[in-house]
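All values below were derived from every heavy atom in this structure, side-chain atoms included, with hydrogens, water molecules and symmetry-related copies excluded.
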Amino acid sequence: MNDLELLEKYEPVLRFAKSERFFPMAVEPYLEMCKLFPSGPKGAVETISHLNESLVDHMGELKSEQFYLRFVNNPLGDSDAWIWWGAASALGIGALGWFAGLMGVEIALAVSLTAALVIFMVASPIRLRIIPAAVAAFFFIALEIAPILFFLHPNRTIGIAVEYLVLLPMYLLILFYMSVRTMKFILDHIIPEGPGLVMDMLSQATERIAQDAYHQYAKILEKDQQPVYYGRVLHETDKANNQWTILQYHFFYAFNDWRLAANGMNHHEGDWEMTAVYLKNDTPYAVLFSQHGAGNIEKWETTSKALDKLGNETMHPVVYVALGSHANYSKPEVIRSPSMYKPGRLQRILFRLDGWIHYIFMLINPSQKARQIAIKELQAQRTHFFAEDAFIYMRDEADHYVVSLPMELASGDGFRLGMQGDNLREGVVKSSSYLKRVMSDRKTTRPKVKEWSRVLLNPEPEWVQYKGLWGVKSMLKEESGPPGPKWDRPKKDQPAVNERKRWGRPLDWLEELENSAH
């Protein structure tokens with residue numbers, strides 16, 4: 001049995017969440033849309049030495065790791081829209097100023113500024129959802145404050161008695177009601193977006209970039225309709241003289257939109273993940289899953305396997321891919337706690353803050369029903385208010401979570417990729433039980449072909465040698481694109497780029513995950 005046949009025999013079946021937007025793809029169409037940029041002095045020198053060459057086409061020749069790819073190459077929005085806005089504003093101000101004088105200029109300026117706000121809302125590099133919410137909150141506040149001028153200047157026509165004994169009490173009641181509604185709106189729609197907003201402002205992979213990346217990937221799917229994995233077959237011998245065959249399946253995704261898809265912790269262009277099947281003396285031993293730069297292990301006997309159309313168990317492990325983050329799990333998993341993952345200190349602070357914001361909102365929520373539901377859920381679960389898992393069961397009557405902490409959702413209730421058989425007997429959970437409908441039912445574009453296209457990585461293609469990032473470099477490490485499947489991310493104390501342990505020393509990776517599992 002040759003390498004390709006061996007890979008095909010054990011190739012995994014991937015199950016995605018219902019609202020997943022990105023699937024394993026070939027790297028070539030991604031690279032065709034990318035531009036390559038230097039990220040340091042060594043990269044700048046190499047760029048100058050390759051001025052007459054396409055760096056993306058010759059990326060394997062680059063010796064330095066100081067480069068990054070950029071998939072979405074219009075980060076400031078549609079410049080044509082701003083050009084048309086400027087020209088139309090100038091013409092409008094001139095025309096109305098000519099015909100209507102100063103009043104016409106004021107009207108034209110008001111229309112121009114409104115149009116600029118709309119364009120900014122569409123093209124903004126910061127978090128999109130907060131802009132219309134902030135505008136609505138500003139409108140509510142203006143409605144509350146505007147009548148104050150009326151009461152500061154008594155109206156003799158109406159009469160002071162009517163104004164202060166009738167209209168003022170009515171206004172105070174309306175003011176109280178509007179204030180409560182405004183505060184609820186701010187707590188419900190603006191403050192919870194705060195941590196994500198800060199992340200977007202520090203990141204080069206904002207919510208709008210995530211949306212643009214989805215549209216670009218959808219265009220790629222129109223031509224390249226078959227998912228791809230990159231396979232490697234390695235043969236190793238351990239100290240006890242056991243013969244190991246390691247089958248690696250590398251998956252490339254155009255974008256990680258974890259924060260947008262499931263209130264997760266990061267966004268970044270490009271995403272490399274993998275699953276590996278380990279054969280010990282030609283017998284399946286374990287399946288290893290990549291998860292956020294680390295991994296997990298499942299012994300072969302307990303691994304979920306796909307069934308054929310007759311209901312018989314096959315040799316294909318079923319892998320549950322987390323929504324947005326693309327981390328791989330052996331079973332349907334839903335994890336709602338900041339402790340699931342330890343990124344940089346800033347990210348952890350932001351998402352702990354996110355949980356506390358929702359906790360405070362629960363206590364002062366103007367909606368008595370929502371507050372009572374949340375408190376009863378806490379009491380029923382006998383959970384301490386300050387525990388990290390205190391918010392797990394807080395759902396309202398519409399099945400939406402009252403508190404929305406970062407979530408890893410490997411539900412498996414969406415697109416299924418790989419060997420097709422008795423798919424209905426595989427375990428799944430419903431995404432809509434954990435996400436608001438606007439998220440679980442969001443628009444997706446899926447590959448039309450459900451079977452794998454297989455590409456061997458031996459011999460290694462040129463792009464494997466590229467040591468730079470497969471996405472934009474950001475101020476936050478977890479918001480930067482990842483290194484390729486072969487290379488590890490450089491560390492502060494070790495600036496040199498080294499091979500990933502799972503690539504060059506697969507038995508050491510196996511030992512590490514086995515030790516961490518005990």
Side-chain angles (χ1 to χ4, degrees), residues 1 3-26 221 224-233 245-253 271-279 284-291 295-334 408-431 444 446-457 485:
M1 186 177 293
D3 287 354
L4 196 59
E5 291 171 337
L6 197 57
L7 285 166
E8 187 174 355
K9 179 179 179 180
Y10 292 96
E11 69 186 13
V13 168
L14 266 56
R15 296 203 68 128
F16 294 87
K18 178 183 176 183
S19 55
E20 178 59 59
R21 284 182 162 180
F22 300 94
F23 302 94
M25 63 178 294
L221 278 183
D224 299 272
Q225 299 178 356
Q226 190 165 15
V228 175
Y229 72 72
Y230 292 93
R232 292 179 76 220
V233 180
T245 302
I246 298 103
L247 310 176
Q248 294 185 347
Y249 303 86
H250 296 269
F251 313 116
F252 177 70
Y253 301 85
D271 201 9
W272 279 102
E273 300 290 348
M274 73 161 288
T275 297
V277 177
Y278 280 62
L279 308 179
Y285 176 78
V287 182
L288 276 62
F289 305 86
S290 67
Q291 295 173 356
N296 200 5
I297 184 172
E298 188 81 28
K299 290 299 178 67
W300 182 259
E301 294 77 19
T302 58
T303 298
S304 301
K305 303 173 187 73
L307 305 178
D308 63 21
K309 293 183 179 179
L310 298 176
N312 301 313
E313 190 175 88
T314 68
M315 307 297 280
H316 301 287
V318 179
V319 179
Y320 292 84
V321 182
L323 175 61
S325 76
H326 308 132
N328 297 311
Y329 291 86
S330 59
K331 295 176 176 62
E333 293 276 3
V334 179
E408 185 84 316
L409 177 60
S411 58
D413 61 336
F415 186 70
R416 184 184 182 280
L417 202 168
M419 191 277 298
Q420 302 299 308
D422 189 357
N423 306 341
L424 297 178
R425 292 175 61 182
E426 296 167 0
V428 299
V429 297
K430 291 179 63 177
S431 297
T444 63
R446 299 173 176 177
K448 294 182 180 179
V449 180
K450 296 182 179 180
E451 288 76 26
W452 286 113
S453 173
R454 307 164 188 89
V455 179
L456 275 174
L457 287 183

Heavy-atom side-chain contact between [X] and [Y] under 4.5 Å:
X      : Y      : answer
Leu323 : Ser411 : no
Asp422 : Lys309 : no
Tyr285 : Lys299 : yes
Tyr230 : Pro24  : no
Glu20  : Phe415 : no
Leu7   : Tyr249 : yes
Tyr10  : Thr245 : no

*Does Lys450 NZ have over 12 foreign heavy atoms under 6.0 Å away?*
no
*Assess whether side chain to side chain contact (heavy atoms under 4.5 Å, CB included) is satisfied between Asn328 and Val321, documenting all intermediate values.*
CA-CA 5 Å; Asn328 297 311; Val321 182; 3.7 Å; yes
Within the side chain of [X], is there an N or O that forms a donor-acceptor pair under 3.5 Å with the backbone of [Y]?
X      : Y      : result
Glu451 : Gly418 : no
Asp413 : Lys430 : no
Thr314 : Ala306 : yes
Lys448 : Leu221 : no

Give, for atom [atom1] of [X] and atom [atom2] of [Y], the distance between the pair rounded to the nearest 0.5 Å.
X      : Y      : atom1 : atom2 : answer
Leu409 : Tyr320 : CG    : OH    : 13.0 Å
Ile297 : Thr303 : CD1   : OG1   : 9.0 Å
Lys9   : His316 : NZ    : NE2   : 10.0 Å
Leu417 : Arg15  : CG    : CZ    : 11.0 Å
Asn296 : Ser330 : CG    : OG    : 6.5 Å
Thr444 : Phe22  : OG1   : CZ    : 11.0 Å

*Taking atom types as modelled and ignoring hydrogens, do the side chains of Ser453 and Gln226 form a donor-acceptor contact shorter than 3.5 angstrom?*
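There is no such pair between these side chains.
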*Can you find a side-chain donor-acceptor pair between Ser325 and Glu408 that sits under 3.5 Å?*
yes
*Leu4: partners by side chain to side chain contact (heavy atoms under 4.5 Å, CB included), with sequence neighbours left out*: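 Residues passing side chain to side chain contact (heavy atoms under 4.5 Å, CB included) with Leu4: Asn2, Arg454, Leu456.
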*List in chain and number order the residues that pass ring pair (Phe, Tyr, Trp, His ring centres under 6.0 Å) with Phe251, two or more places apart in sequence or in another chain; answer none if no residue qualifies.*
Trp452
_As a quick check of understanding, evaluate side chain to side chain contact (heavy atoms under 4.5 Å, CB included) for Met25 and Val228, giving each step before the final call._
CA-CA 5 Å; Met25 63 178 294; Val228 175; 5.9 Å; no
_Using every non-hydrogen atom in the two residues, find where Arg416 and Met419 come nearest and quote the distance to one decimal._
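Minimum heavy-atom contact is NH1-O, 2.6 Å.
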Could you pull out all donor-acceptor pairs under 3.5 Å where a side-chain atom in residues 271-279 meets a protein atom, sequence neighbours excluded?
| unit_1 | atom_1 | unit_2 | atom_2 | d |
| --- | --- | --- | --- | --- |
| Asp271 | OD2 | His326 | ND1 | 2.8 |
| Glu273 | OE1 | Ser290 | OG | 2.6 |
| Tyr278 | OH | Pro506 | O | 2.8 |

